[in-house]
Amino acid sequence: MVTEQMRQFNEELIEEVQEYKNNEKCSTEDAFTSVFSTYVIDAGESFMNNCNVMGYKKDFEKAKINGYVFDEYFQTLTLVVSVFENRIEVAKMGKIDITKYSKQATKFYRMCKSGYFDNVEETDPGYIISEYINGYEQEIENIRVILMTNRETTPDIPASVKIDKVMVKFDVWDLERVCQSLYQKKAHEDLVVRFQNKYNCPLKMIKVKQENEIYDCYIGVIPGKCLAEIYRDEGQRLIEKNVRSFLQATGKINQGIKNTLQNEPEMFMTYNNGISTTAKSIIVDEDKSDDTFVVIKEVTDWQIVNGGQTTASIYNALQTGIDISSVNVQIKLTVIRDESKTEEMVGYISKYANSQNKINMSDFSANDSYHVEMERLSRKIYVPVENGKSTQRWYYERARGQYMVDVNRQPTPSLKKKFKALNPKSMCISKTVAAKCMMAWMKYPYVVSKGLETNFIEFSAMIKRGEVPEPTEDTYISMIAKVILFKECDKLVAKQNFGGYKAQIDYYTIALLAESFSNDVSDEQIWKMQAISPELSLIIEDLIMVVWNHFMNPVVKGINITQWCKKEDCWELLKNRYKNKLI
């Protein structure tokens, strides 16, 4: 049922999409995909992190795609299909259309595999996306197709299918689901895993003998098949506290895990480090437990905080028909009785338990105190005006959707209008976008090119290491100045109509500006004017052409420019070329 809250959200969403379209000079569907995906990611859909937004549609082939990304950690290719309704009244979508739109993505994938795009122009979106997908062809073990729409859909999700040996799963994020995530986060139910009643696999574990009021610890073994089946049913909910988006930074999946599962499954217990898990509470089978062993029937809020890679690998093996009946996995279960210690303990378990891929403690923290303080500063510092009282301020959005929630908290239309006048949507800046602008200025264009989420991970790590100035009025103003600078640069790039690599040109232009003309950039002046000077615009225009020529003349002919921009070598070469007037 369409609620008033959904209608209000849809109205705000349409405005946000239109603004994004105007600012980015992109299609309406690309704008919707970019905006809507941020809500989907914030709701916990980690496979959407660093999604590449690019639209391709071929009606007579019944093929369409709006976004794509490959997750090396889980060897999962995510394909996005978007359906946008540019009207406030929320439309419906039934089973037939859900299936039709979802299958358009699988048709595109089949076209990529068939070589359909091999002979089209290299600037064609179909070629660009196909080149990306085919580059991971040998690594793709799972495909997730996500249909995103601002319609209200029926609960009809297409059944999973196989394309060759690759399992394809479908999911739908409609307006109602995003609204529920945004406004009803407190209604989130804990994940309950019924080992005995559902999986016929009660956990027989040893309880570590110790006396404390914070946690209980259990050690044992879980059959690989049981672990895989739970992952099949619950998926990413199992590893919500594993900071799923950060896992992408850990590199490719450990090939040793796959080899052991396929060739020596009986040796898995010996070679693998197992999984570390946490829970809020457990239910014990008292009749079958004794002083030595505890038989656990049910676990509430079960989370795999280390071992997501192991779990996904075993699941993938099950899906591809590998016999895992002899696979067993060591398991440590920490039942955290003191809820106030949960986040701290999960972070340390993740840090110290992981040895397959190094994950720094900073990876598990967005350093909330930094963002909380930036948020506080944004609510008290007003934009300067020449005369009279300032009536506007920038709005630092610490949590995705925070702005929209604050708008809808206003009890009357007049108060909503007043709130928007004080905090214009165009002056709402998310922490990930702020990090993008900051990191580009700090001369890390190759990091920013890896995507907002990956960039935010590194930015968070730098905060933790003390490499980012602490929040003060001056550093807040400096950050906003960099945001304004980035936005102005983006507009200048858009005017050139290069046709591709717009985001990468932004990042590298700002970095080159910081490298060579930092003395010409005054935070105080930009903050005062809320714009950049004509003289600075001319400098940026020249640098834009330098960066474009750099991209068009790679050292390795035919290299994928998007991937090259993610390499530090690309940045080092640009600096060298510009310094020595080679471009």
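None of these values were measured; they are calculated from a predicted model. In this chain, numbering begins with 1 at the start of the sequence shown. Values reported hereafter were calculated over all heavy atoms of this structure, with side chains retained and with hydrogens, waters and symmetry mates removed.
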Which of D30, T33, T149 passes side chain to side chain donor-acceptor pair (under 3.5 Å) with S82? Answer is T33

Below 6.0 angstrom between ring centroids: does that apply to Y56 and Y68?
no

Parallel, tilted or perpendicular: which one describes the rings of W564 and F551, with boundaries at 30° and 60°?
perpendicular

Is it the case that more than 12 heavy atoms not belonging to K57 sit under 6.0 Å from its NZ atom?
no

4.5 Å side-chain heavy-atom contact, D97 and R151
yes

My understanding is that only residues two or more places apart in sequence, or in another chain, count here; which of them pass side-chain hydrogen bond (donor to acceptor under 3.5 Å, both in side chains) with N328?
none

Between OH on residue Y446 and CD on residue E568, distance to nearest 0.5 Å
3.5 Å

Donor-acceptor check, side chain of Y507 to backbone of C437, threshold 3.5 angstrom: yes or no?
no

Nearest-0.5 Å distance that lies between atom CG in L261 and atom OG in S326
9.5 Å

Would a line drawn from the ring center of Y127 to the ring center of F117 be shorter than 6.0 Å?
no

Heavy-atom side-chain proximity of I222 to F195 below 4.5 angstrom
yes

Do you know the tightest heavy-atom contact between K567 and Y508?
O-OH, 3.8 Å

Is there a donor-acceptor pair closer than 3.5 Å between any side-chain N or O of T106 and the backbone N or O of K103?
yes

State, with a plain yes or no, whether a side-chain heavy atom of I143 is found less than 4.5 Å away from one of I140.
yes

With distance as the sole criterion, is a donor-acceptor pair present between the side chains of T28 and K21 under 3.5 Å?
yes

Find the distance between CG (N142) and OG1 (T78) and round it off to the nearest 0.5 Å.
9.5 Å

Shortest non-hydrogen pair, N134 vs K113, comes out as OD1-N, 4.3 Å

N66 vs V53, side chain to side chain contact (heavy atoms under 4.5 Å, CB included): CA-CA, chis, key distance, verdict
CA-CA 6 Å; N66 295 96; V53 175; 5.9 Å; no

Check whether any side-chain heavy atom of E152 sits under 4.5 Å from a side-chain heavy atom of R177, and report yes or no.
no

Can you tell me if D490 uses its side chain to pair, donor with acceptor, with the backbone of F486 under 3.5 Å?
no

Taking the side chain from E397 and the backbone from Q402, do they hold a donor-acceptor pair closer than 3.5 Å?
yes

If you measure from CZ on F70 to OH on Y132, what distance do you get to the nearest 0.5 Å?
8.0 Å

K502 side chain reached by I505 side chain, heavy atoms, under 4.5 Å
no

What pair of heavy atoms forms the shortest contact from V81 to K64, and how long is it?
CG2-O, 3.7 Å

Please confirm whether the backbone N or O of Q18 pairs with a side-chain atom of N22, one donor and one acceptor, at under 3.5 Å?
yes

Tightest non-hydrogen contact, residues Y199 and C226, listed as CB-SG, 4.2 Å

Any heavy-atom pair between the side chains of M93 and Y101 that's under 4.5 Å?
yes

I'd like to know if the side chain of T38 and the backbone of V35 have a donor-acceptor N/O pair within less than 3.5 Å.
yes

Report yes if the side chains of F170 and L147 come closer than 4.5 Å at any heavy-atom pair, otherwise no.
no

Does atom CG of N200 have more than 12 heavy-atom neighbours, drawn from other residues, nucleotides or ligands, at distances under 6.0 Å?
no

Between I133 and F108, which heavy-atom pair has the shortest distance, and what is it?
CD1-CE2, 4.0 Å

Could you walk me through whether I65 and Q104 pass the side chain to side chain contact (heavy atoms under 4.5 Å, CB included) test, one step at a time?
CA-CA 7 Å; I65 191 170; Q104 288 177 338; over 6 Å; no

Starting from the C-alpha separation in whole Å, work towards a yes-or-no answer on side chain to side chain contact (heavy atoms under 4.5 Å, CB included) for M48 and I146.
CA-CA 9 Å; M48 288 286 292; I146 298 179; 3.8 Å; yes

Which is it for R87 and E85 under the salt bridge (Lys or Arg N to Asp or Glu O under 4.0 Å) test, yes or no, and what are the steps along the way?
CA-CA 6 Å; R87 56 175 180 152; E85 281 289 333; 3.4 Å; yes

Applying side chain to side chain contact (heavy atoms under 4.5 Å, CB included), run through K431 and F456 and close with a yes or a no.
CA-CA 8 Å; K431 64 180 183 291; F456 187 72; 3.6 Å; yes

Count the heavy atoms of every other residue, nucleotide or ligand shown that sit under 6.0 Å from NZ of K162, and state whether that count exceeds 12.
yes

Quick one: are I304 and L227 in side-chain contact, heavy atoms under 4.5 Å?
yes

Which atoms form the tightest heavy-atom contact between M269 and V329, and what is the distance?
SD-C, 3.9 Å

Say whether, by atom type as modelled, one donor and one acceptor occur between the side chain of N306 and the main chain of I275 under 3.5 angstrom.
no

CD (E29) and CZ (F84) are apart, to the nearest 0.5 Å, by 9.5 Å

How far apart are the C-alpha atoms of R7 and E11, what are their side-chain angles, what is the distance that settles it, and do they pass the salt bridge (Lys or Arg N to Asp or Glu O under 4.0 Å) test?
CA-CA 6 Å; R7 289 191 185 92; E11 183 176 2; over 6 Å; no

Rounding to 0.5 Å, atoms CG (L203) and CD1 (I296) come to a distance of 5.5 Å

Answer with yes or no whether the side chains of N560 and E131 bring together a donor and an acceptor at under 3.5 Å.
yes

Ring geometry between H371 and F459 (parallel below 30°, tilted from 30 to 60°, perpendicular above 60°):
tilted

Could you tell me whether E137 atom CD has more than 12 heavy atoms of other residues or ligands within 6.0 Å of it?
yes

In terms of side-chain heavy atoms, does N272 have a donor or acceptor partner in T310 at a distance below 3.5 Å?
yes

Between K436 and N455 (side chain of the first, backbone of the second, donor and acceptor by atom type, cut-off under 3.5 Å), is there such a pair?
no

